[in-house]
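Here is the naming used below: chain letters follow the sequence lines, and residue numbers restart at 1 for every chain.
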Amino acid sequence: MILPRNFYDRPTLTVARDLLGKVLVHRTREGLSTGAIVEAEAYIGEDDPACHAAPGPTARNQPLYGPPGHAYVYINYGMHYLVNVVTEKEGSPAAILIRALEPIDGIPLMRRRRRGTPRGGEIPEQELCRGPGNLTRAMGITLTENRADLCGDRLYLDDRGIQVGRIAWSPRIGISVGTEHRWRCYVVGNRAVSGRTAATND
DNA sequence: CGTTCGATGCACT
DNA sequence: GTGCATCGAACGT
(Lines give C-alpha, C1' and ligand atoms only; values in the text may rest on other atoms or scores of the structure.)
Protein backbone atom coordinates (compact mmCIF):
# COMPACT_ATOMS: atom_id res chain seq x y z
CA MET A 1 0.00 0.00 0.00
CA ILE A 2 1.37 3.39 -1.06
CA LEU A 3 1.61 5.74 1.90
CA PRO A 4 -1.07 8.45 1.59
CA ARG A 5 -0.45 12.16 2.02
CA ASN A 6 -1.79 12.21 5.58
CA PHE A 7 1.04 9.87 6.61
CA TYR A 8 3.45 12.78 6.04
CA ASP A 9 1.16 15.42 7.52
CA ARG A 10 2.08 14.61 11.14
CA PRO A 11 4.77 15.58 13.64
CA THR A 12 8.12 14.95 11.95
CA LEU A 13 9.62 12.78 14.68
CA THR A 14 6.56 10.52 14.54
CA VAL A 15 6.86 10.23 10.78
CA ALA A 16 10.59 9.50 11.10
CA ARG A 17 9.95 6.60 13.44
CA ASP A 18 7.17 5.24 11.23
CA LEU A 19 9.42 5.48 8.17
CA LEU A 20 11.60 2.65 9.45
CA GLY A 21 10.55 -0.54 7.68
CA LYS A 22 8.69 1.31 4.92
CA VAL A 23 9.89 0.59 1.39
CA LEU A 24 11.25 3.35 -0.84
CA VAL A 25 10.30 2.63 -4.45
CA HIS A 26 11.77 4.22 -7.56
CA ARG A 27 10.48 3.28 -11.00
CA THR A 28 12.60 4.45 -13.92
CA ARG A 29 13.11 3.45 -17.53
CA GLU A 30 16.08 1.41 -16.31
CA GLY A 31 13.83 -0.63 -14.05
CA LEU A 32 12.47 -0.94 -10.55
CA SER A 33 14.58 -0.52 -7.44
CA THR A 34 13.35 -0.66 -3.86
CA GLY A 35 14.69 -0.86 -0.34
CA ALA A 36 13.44 -0.80 3.24
CA ILE A 37 14.34 2.30 5.23
CA VAL A 38 16.53 1.47 8.22
CA GLU A 39 17.91 4.92 9.11
CA ALA A 40 16.51 8.46 8.94
CA GLU A 41 17.08 11.94 10.36
CA ALA A 42 14.59 14.70 11.12
CA TYR A 43 15.20 18.36 10.29
CA ILE A 44 12.53 20.52 11.84
CA GLY A 45 11.76 24.16 11.32
CA GLU A 46 13.62 27.45 11.09
CA ASP A 47 14.68 27.14 14.74
CA ASP A 48 16.66 23.97 13.97
CA PRO A 49 20.09 25.36 12.99
CA ALA A 50 20.93 22.23 10.99
CA CYS A 51 17.73 22.43 8.93
CA HIS A 52 18.00 24.00 5.50
CA ALA A 53 15.10 26.22 6.51
CA ALA A 54 17.23 27.88 9.22
CA PRO A 55 18.01 30.96 7.05
CA GLY A 56 14.33 31.35 6.18
CA PRO A 57 12.87 30.73 2.73
CA THR A 58 15.40 30.59 -0.12
CA ALA A 59 15.35 29.28 -3.67
CA ARG A 60 16.86 25.96 -2.65
CA ASN A 61 14.76 25.15 0.41
CA GLN A 62 11.41 26.00 -1.18
CA PRO A 63 10.20 22.38 -1.14
CA LEU A 64 10.49 22.34 2.66
CA TYR A 65 7.80 25.01 2.82
CA GLY A 66 5.56 23.17 0.42
CA PRO A 67 2.92 20.52 1.10
CA PRO A 68 3.87 17.25 2.82
CA GLY A 69 4.52 14.07 0.88
CA HIS A 70 6.97 15.52 -1.62
CA ALA A 71 10.67 14.84 -2.17
CA TYR A 72 13.36 17.38 -1.36
CA VAL A 73 16.61 16.52 -3.15
CA TYR A 74 19.73 18.62 -3.05
CA ILE A 75 23.44 18.34 -3.90
CA ASN A 76 25.83 17.92 -1.03
CA TYR A 77 29.62 18.39 -1.17
CA GLY A 78 29.31 19.02 -4.86
CA MET A 79 28.90 15.35 -5.72
CA HIS A 80 26.18 13.60 -3.73
CA TYR A 81 22.43 13.81 -4.01
CA LEU A 82 20.56 13.58 -0.70
CA VAL A 83 16.86 12.76 -0.58
CA ASN A 84 14.37 13.92 2.05
CA VAL A 85 10.64 13.48 2.47
CA VAL A 86 8.78 16.67 3.33
CA THR A 87 6.56 16.49 6.42
CA GLU A 88 4.07 18.70 8.27
CA LYS A 89 1.63 21.08 6.73
CA GLU A 90 2.40 23.58 4.02
CA GLY A 91 4.23 26.60 5.41
CA SER A 92 5.90 24.70 8.24
CA PRO A 93 9.27 23.62 6.90
CA ALA A 94 10.39 20.15 7.99
CA ALA A 95 11.72 17.03 6.36
CA ILE A 96 13.33 13.68 6.97
CA LEU A 97 16.63 12.68 5.39
CA ILE A 98 16.70 9.06 4.26
CA ARG A 99 20.12 7.78 5.33
CA ALA A 100 20.08 4.04 4.63
CA LEU A 101 18.06 1.30 2.97
CA GLU A 102 18.15 -2.44 3.05
CA PRO A 103 18.00 -3.34 -0.68
CA ILE A 104 15.04 -5.44 -1.80
CA ASP A 105 14.32 -5.18 -5.54
CA GLY A 106 16.63 -4.26 -8.42
CA ILE A 107 19.89 -5.18 -6.74
CA PRO A 108 21.73 -5.81 -10.03
CA LEU A 109 20.51 -2.38 -11.21
CA MET A 110 21.78 -0.79 -8.01
CA ARG A 111 25.16 -2.40 -8.60
CA ARG A 112 25.20 -1.13 -12.16
CA ARG A 113 24.38 2.40 -11.04
CA ARG A 114 27.16 2.38 -8.49
CA ARG A 115 29.63 0.96 -10.99
CA GLY A 116 31.91 3.70 -12.22
CA THR A 117 32.20 4.92 -8.68
CA PRO A 118 35.11 3.48 -6.68
CA ARG A 119 34.43 -0.16 -5.70
CA GLY A 120 31.43 -0.12 -8.01
CA GLY A 121 31.38 -3.74 -9.12
CA GLU A 122 31.84 -5.66 -5.92
CA ILE A 123 29.90 -3.86 -3.24
CA PRO A 124 28.27 -6.16 -0.67
CA GLU A 125 24.49 -6.04 -0.86
CA GLN A 126 24.14 -4.49 2.59
CA GLU A 127 26.40 -1.60 1.57
CA LEU A 128 24.69 -0.67 -1.70
CA CYS A 129 22.33 1.79 0.02
CA ARG A 130 24.31 2.46 3.18
CA GLY A 131 24.65 6.23 3.61
CA PRO A 132 22.55 9.04 2.12
CA GLY A 133 24.85 9.67 -0.85
CA ASN A 134 25.20 5.99 -1.65
CA LEU A 135 21.49 5.24 -1.60
CA THR A 136 20.54 8.00 -4.02
CA ARG A 137 23.25 6.76 -6.37
CA ALA A 138 21.99 3.16 -6.15
CA MET A 139 18.34 4.21 -6.49
CA GLY A 140 18.97 6.56 -9.41
CA ILE A 141 17.68 9.59 -7.50
CA THR A 142 18.95 12.95 -8.77
CA LEU A 143 17.79 16.57 -8.91
CA THR A 144 15.17 15.40 -11.41
CA GLU A 145 13.35 13.92 -8.43
CA ASN A 146 13.41 17.16 -6.44
CA ARG A 147 9.81 18.17 -5.65
CA ALA A 148 8.51 14.81 -6.86
CA ASP A 149 5.09 13.97 -5.46
CA LEU A 150 5.52 10.91 -3.25
CA CYS A 151 1.86 10.12 -3.80
CA GLY A 152 2.58 9.64 -7.51
CA ASP A 153 3.72 6.47 -9.27
CA ARG A 154 7.45 7.11 -9.90
CA LEU A 155 8.95 7.69 -6.47
CA TYR A 156 6.96 6.71 -3.41
CA LEU A 157 6.91 4.82 -0.13
CA ASP A 158 5.24 1.47 0.20
CA ASP A 159 3.96 -0.19 3.36
CA ARG A 160 4.65 -3.90 2.95
CA GLY A 161 4.04 -4.70 6.59
CA ILE A 162 7.73 -5.14 7.36
CA GLN A 163 8.36 -5.39 11.10
CA VAL A 164 11.62 -3.77 12.16
CA GLY A 165 13.43 -4.73 15.34
CA ARG A 166 14.42 -2.38 18.12
CA ILE A 167 14.62 1.31 17.18
CA ALA A 168 17.12 3.74 18.72
CA TRP A 169 17.63 7.50 18.57
CA SER A 170 20.95 9.36 18.39
CA PRO A 171 22.28 12.80 17.48
CA ARG A 172 22.33 13.49 13.76
CA ILE A 173 25.44 12.68 11.75
CA GLY A 174 27.69 15.06 9.86
CA ILE A 175 26.48 18.36 11.30
CA SER A 176 28.19 20.84 13.63
CA VAL A 177 25.11 22.62 14.96
CA GLY A 178 21.89 21.29 16.41
CA THR A 179 23.76 18.33 17.85
CA GLU A 180 21.78 18.56 21.08
CA HIS A 181 18.79 16.94 19.38
CA ARG A 182 18.65 13.17 19.08
CA TRP A 183 16.72 13.23 15.83
CA ARG A 184 18.40 10.32 14.04
CA CYS A 185 16.55 7.02 14.28
CA TYR A 186 17.66 3.65 13.04
CA VAL A 187 17.10 -0.08 13.31
CA VAL A 188 19.47 -1.42 15.95
CA GLY A 189 21.94 -3.98 14.62
CA ASN A 190 20.97 -3.65 10.95
CA ARG A 191 24.02 -4.03 8.72
CA ALA A 192 22.82 -1.42 6.25
CA VAL A 193 22.80 1.40 8.85
CA SER A 194 25.58 3.95 8.37
CA GLY A 195 27.88 5.38 11.02
CA ARG A 196 28.83 1.89 12.07
CA THR A 197 32.18 2.70 13.59
CA ALA A 198 30.95 5.62 15.64
CA ALA A 199 29.31 5.60 19.06
CA THR A 200 26.18 6.65 17.22
CA ASN A 201 24.86 3.10 16.97
CA ASP A 202 23.35 0.50 19.39
C1' DC B 1 41.43 -1.49 13.96
C1' DG B 2 41.58 3.97 13.92
C1' DT B 3 41.92 8.90 11.92
C1' DT B 4 42.82 12.28 8.27
C1' DC B 5 42.03 14.43 4.06
C1' DG B 6 40.97 15.45 -0.96
C1' DA B 7 37.35 15.49 -4.41
C1' DT B 8 33.93 18.59 -6.28
C1' DG B 9 29.77 22.05 -7.42
C1' DC B 10 26.71 25.21 -6.01
C1' DA B 11 23.69 27.93 -2.77
C1' DC B 12 24.20 31.53 -0.03
C1' DT B 13 26.50 35.78 2.28
C1' DG C 1 34.76 33.53 -1.20
C1' DT C 2 32.95 30.10 2.27
C1' DG C 3 31.00 26.04 3.81
C1' DC C 4 28.69 22.15 3.43
C1' DA C 5 22.89 16.76 6.23
C1' DT C 6 29.48 12.62 2.20
C1' DC C 7 32.55 9.07 0.64
C1' DG C 8 36.44 6.26 0.42
C1' DA C 9 41.49 6.07 -0.27
C1' DA C 10 45.49 6.55 2.24
C1' DC C 11 47.71 6.47 5.86
C1' DG C 12 48.99 5.41 11.19
C1' DT C 13 48.59 1.99 15.20
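Atom P of nucleotide B:dA11 and atom CG of A:Leu64 are separated by 15 Å, given to the nearest angstrom. One atom, OH of A:Tyr81, and another, C1' of C:dA5, lie 17 Å apart when rounded to the nearest Å. Between A:His80 atom NE2 and B:dA11 atom C1' the separation is 17 Å, expressed in whole Å. Rounded to an integer number of Å, the gap from A:Arg137 CZ to C:dG8 P is 10 Å. Regarding A:Met79, its CE atom lies at a distance of 14 Å from the C1' atom of C:dA5, rounded to whole Å. Between the OH atom of A:Tyr74 and the C1' atom of B:dC12 there is a distance of 14 Å, given to the nearest Å. Rounded to an integer number of Å, the gap from A:Leu143 CG to B:dA11 C1' is 12 Å. When the C1' atom of C:dT6 is taken as reference, atom CD1 of A:Ile141 falls 16 Å away, rounded to whole Å.
What you find for A:Pro4 and A:Cys151 is that their closest heavy atoms are C-SG, 4.1 Å.
For the C1' atom pair drawn from C:dG8 and B:dC10, the interatomic distance equals 22 Å after rounding to whole Å. Separation of the P atoms belonging to B:dT13 and C:dA5 is 13 Å when rounded to the nearest angstrom.
In this structure a side-chain-to-backbone donor-acceptor pair under 3.5 Å is missing from A:Arg114 to A:Arg137.
Within the 4.0 angstrom heavy-atom criterion, base atoms lie near A:Leu97. Residue A:Asn134 is classed as a sugar-phosphate contact, given heavy-atom separations below 4.0 Å to backbone atoms only.
Remark: A:Arg114 is not in phosphate contact with C:dC7, judged by side-chain N or O atoms under 4.0 Å from OP1 or OP2. In terms of phosphate contacts, A:Arg99 brings a side-chain nitrogen or oxygen within less than 4.0 Å of OP1 or OP2 of C:dT6.
Cation-pi contact between A:Arg99 and A:Tyr186: absent, since separation from the ring centre below 6.0 Å together with deviation from the ring axis within 45° is not met. Geometrically, A:Arg5 does not engage A:Tyr8 in a cation-pi contact, judged by NZ or CZ lying under 6.0 Å from the ring centre and within 45° of the ring axis.
Across C:dA5, B:dC12, C:dC7, the shortest atom-to-atom separation from the side chain of A:Thr58 is found for B:dC12. The nucleotide whose nearest atom lies closest to any side-chain atom of A:Tyr72 is, among B:dA7, C:dA5, C:dC7, C:dA5. Checking B:dT8, B:dC12, C:dT6 against every side-chain atom of A:Leu82, the shortest atom distance belongs to C:dT6.
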Begin from the C-alpha positions of A:Arg154 and A:Thr144 and carry the test side-chain hydrogen bond (donor to acceptor under 3.5 Å, both in side chains) through to its verdict. CA-CA 11 Å; A:Arg154 305 283 293 176; A:Thr144 304; over 6 Å; no
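Nucleotide B:dT3: paired with C:dA10 (Watson-Crick or G-U wobble, both distances less than 3.5 Å). Base-pair partner of B:dT8: not found among the strands shown (Watson-Crick or G-U wobble, both distances under 3.5 Å).
For the pairing with A:Ser170, the side-chain hydrogen bond (donor to acceptor under 3.5 Å, both in side chains) check across A:Arg184, A:Glu41, A:Glu39, A:Arg182 returns one residue only, A:Arg184.
Between the CD1 atom of A:Ile98 and the CG atom of A:Asn84 there is a distance of 7.5 Å, given to the nearest 0.5 Å. To the nearest 0.5 Å, atom OG1 of residue A:Thr87 and atom CG of residue A:Leu19 are 9.5 Å apart.
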Considering only nitrogen or oxygen atoms on both sides, find all protein atoms under 3.5 Å from nucleotides 1-4 of chain C and state each distance.
none

